[in-house]
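Reckoned from all heavy atoms, side chains included, excluding hydrogens, waters and symmetry mates. Below, chain A is the first sequence line, B the second, and so on; all start at residue 1.
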There are 2 protein chains.
Amino acid sequence: MNRFYEAFIIKPGHKVDLSRRNPDETFDFKDKEAALELLAKNNHRIARLQNDLYSEGKQSLLIVLQAPDAGGKDGTINNVFSAMNPQGCRVQSFKTPTSLEQSHDFLWRVHPVVPRRGEVVIFNRSYYEAVLIERVHKFATPEQLEYRYKAINQFEELLEHNGTRIVKFFLHIDKEEQLRRFVRRLKRPEKHWKISANDYPERQYWDDYVEAFEVAMMKCSTKEAPWFAIPANCKWFRNLAVSQIILETMESMRIRLPAPSVDLQETRRLAAIELSRQRHERKNRKPAAKK
Amino acid sequence: MNRFYEAFIIKPGHKVDLSRRNPDETFDFKDKEAALELLAKNNHRIARLQNDLYSEGKQSLLIVLQAPDAGGKDGTINNVFSAMNPQGCRVQSFKTPTSLEQSHDFLWRVHPVVPRRGEVVIFNRSYYEAVLIERVHKFATPEQLEYRYKAINQFEELLEHNGTRIVKFFLHIDKEEQLRRFVRRLKRPEKHWKISANDYPERQYWDDYVEAFEVAMMKCSTKEAPWFAIPANCKWFRNLAVSQIILETMESMRIRLPAPSVDLQETRRLAAIELSRQRHERKNRKPAAKK
C-alpha cells in the first residue's frame with residue numbers, strides 16, 4: 001500500500017509540474033465501496049495510534065492542508081479525522097490575518113497554536129498562505145517571498161527538533177472540477193453559506209496559484225516535513241490516499257506507551273489496603289441496615 | 001426520552017443529596033446493546049446539529065465535565081464526542097494551574113479558551129476546580145469560595161449573553177466503583193500511565209469531595225447553565241445519558257442555516273459565464289490535440 005506514499009510525495013529539491021500529475025487518479029480502485037472499506041480500516045488504526053501518541057506524550061503530529069477553493073479541505077477533515085478522539089486532536093483554521101496579526105511576522109500567529117506533545121493538529125490552511133495568496137496577489141516582494149520559504153523550512157525544523165512530525169497535503173483538483181463544485185453549491189441551499197464573493201474573480205488567477213503551489217512544494221518539501229500532492233477530483237480516493245499516508249507516517253513514529261510514573265509495587269500495596277478497608281466497612285454496614 | 005433530562009438535572013436553588021441518587025441507575029436498559037444502538041443514533045443526530053451550528057456561526061455550546069478521579073471523563077469524551085467533526089469541536093483540559101496562571105484570578109486562564117461562535121467546546125475539568133479541589137484542600141478561605149460561586153454564575157451569564165449555551169455534567173460514581181477502576185488499571189499495562197501517586201491518598205477526602213460537588217451544583221445550577229448528575233457506574237448508560245441530554249440541548253437551540261452572504265442571482269450569472277468560457281476553451285483545445 002505504500003505506493004500512495006511513493007506516488008504522491010514531492011521529492012525534496014525536485015521541480016514540481018502539476019500538469020503532469022493526474023487529479024483524476026484513482027489507481028485500480030474502480031468504485032467507492034472498496035475505498036470506503038479500506039478507509040474505515042485505516043481510520044480505526046489511526047484512532048488507535050492517536051490514542052497511543054496521546055498516552056506517550058512525547059511526540060506530536062502536524063498535518064498541513066492546502067488546496068484551491070472548493071478543493072476539499074473541510075471534507076477531508078470530516079472524513080479522515082472525525083475518527084480521532086477529539087481529546088488530543090485539534091483543527092486550527094487560518095483566515096485572513098487580523099490587523100494585529102498583520103502587525104507581526106507571518107509566523108507569529110502560528111507558533112502559539114502548534115501541537116503540544118501527544119497532540120495531533122490539523123492546519124486548515126496555514127503559514128503557507130504567506131507564499132501562496134500573498135505571492136499571487138503580490139502582497140509580498142520577490143525578496144520577501146525568497147526569505148519566507150527559508151523561514152518556513154527553519155520553522156518546521158524547530159518543530160521537528162521538539163518531536164513534531166509534519167506532513168503536508170496539497171489537494172490537487174483541476175479548474176474544471178472547481179467550477180463543477182461551485183455550480184453544485186449553488187444547487188444545494190445548505191451549502192449556500194459557503195459561497196464567497198471571491199470565488200469567481202479568483203479563478204482568473206488559477207495558473208498563478210498553480211505556480212505558487214509548485215514553487216512552495218519544491219522549496220519546502222523536505223525529508224522531515226514532506227509535501228504530498230493528492231489527486232483530489234475524486235473525493236473518496238482523496239480521503240483514502242490522505243488516510244493511508246497519515247497511517248504510514250504514524251506507524252513510522254515508533255510510538256511507545258510510557259512507563260508508569262508511579263511505583264506499581266507500592267500502588268498494589270495501597271490497593272490491597274483499600275480493598276480490605278472497604279470489605280471491613282461493608283461488613284460493619286450490613287448489620288446496621290437490618291435494624 | 002426527555003426523562004434523562006428531567007431525572008438528572010439539578011434544579012436551580014435546590015439542595016443536592018448525592019446519597020439519594022443511585023450511581024448504578026440504568027432505567028429499563030437491561031443490556032449494553034440497546035443502549036449502544038440508541039447512542040449511535042444520537043451521535044449521528046448530534047453530528048448533524050454540530051454541522052449546522054458551525055455553518056450558522058452565531059451560537060456556541062460549552063460542555064463542562066467534572067467527575068471524581070476515574071469517573072469516566074476521558075471515556076465519555078471518546079464515546080460521545082468522537083462522532084463530531086473535529087473542525088468546530090475542541091476539547092480543553094485543565095491541569096494544575098501553572099505559576100503564571102496562579103498569579104491571576106481563577107477565570108483568567110479560562111476566558112481565552114471559551115467557545116467562539118459556531119464551536120462546541122468540552123472542558124475536561126474546568127473553573128469548577130476552584131471550588132472543588134481548592135475547597136477540599138482548603139486552598140481557599142470560606143469567603144473566597146463564597147465569592148467564587150457568585151463569580152462563576154456571573155461568568156457563565158456573560159458567556160450566555162454572547163450566545164453560548166452551557167451544560168455541565170457531574171459523572172456520579174461511588175467510592176467502591178472508583179476502587180474497582182483503580183484496581184482494573186493495575187491489571188492493564190496500557191493503562192498504567194494513567195495511575196497517579198495521588199489516587200489512593202485522595203480517597204480519604206472522598207466525603208469532602210462529595211460535599212464540594214453538592215454545594216457547587218446547588219449554587220451554580222441555573223436555568224441557563226444547568227448541572228446534571230449522571231449515574232456513571234455503568235459506562236454505557238453514562239454515555240447514553242450524556243448524549244441524550246446534549247442532543248436535547250442542541251435541538252432546543254433553534255439552529256438556523258445562515259442566509260448566503262452573496263447575491264445568488266449574480267453568482268449564477270458568473271457561473272454561467274465561466275461555464276461557457278470553459279466550453280469554449282475545451283472546443284479550442286481539442287483540434288490542437290489532434291495535430
Quick check on the interface: out of I122(B), N51(B), V91(B), who has the most heavy-atom pairs with chain A under 4.5 Å? V91(B)

Please give me the minimum heavy-atom distance between V183(B) and A271(A), naming the atom from each residue. CG2-CB, 4.3 Å

Tell me, with the steps shown, if Q278(B) and R203(A) meet side chain to side chain contact (heavy atoms under 4.5 Å, CB included). CA-CA 12 Å; Q278(B) 187 168 286; R203(A) 279 173 61 78; 3.7 Å; yes

Could you tell me the separation between the OG atom of S55(B) and the NE2 atom of H192(A), rounded to the nearest 0.5 Å? 13.0 Å

Would one find more than 12 heavy atoms of other residues, nucleotides or ligands at under 6.0 Å from atom CZ of R268(A)? yes

To the nearest 0.5 angstrom, please state how far the CD atom of E281(A) sits from the NZ atom of K175(B). 5.5 Å

What part of F81(A) lies closer than 4.5 angstrom to a heavy atom of chain B: side chain, backbone, both or neither? both

Checking I273(A) against chain B: side chain, backbone, both or neither under 4.5 Å from a heavy atom? neither

How about H280(B): does its NE2 atom have over 12 heavy atoms from other parts shown lying under 6.0 Å from it? no

Which distance, rounded to the nearest 0.5 Å, do you find between the CG of L270(A) and the CG of D199(B)? 9.5 Å

Distance (rounded to the nearest 0.5 Å) between T267(A) OG1 and R185(B) CZ: 11.5 Å

Do L257(A) and P189(B) touch side chain to side chain, with heavy atoms closer than 4.5 Å? no

Chain B contact via S93(A) - side chain, backbone, both or neither, heavy atoms under 4.5 Å: side chain

Counting C-beta onward and ignoring hydrogens, is there a side-chain heavy-atom pair between I195(A) and L264(B) closer than 4.5 Å? yes

Above 12 or not: heavy atoms from other molecules or residues under 6.0 Å from CZ of R184(A)? yes

Roughly how far, to the nearest 0.5 Å, is the CG atom of N85(A) from the CD1 atom of I77(B)? 7.0 Å

The reported gap from OG in S82(A) to CD in Q50(B) (rounded to nearest 0.5 angstrom) is 9.5 Å

CZ (R45(A)) with more than 12 external heavy atoms under 6.0 Å: no

Are a donor atom and an acceptor atom from the side chains of D74(B) and Q87(A) found within less than 3.5 Å of each other? yes

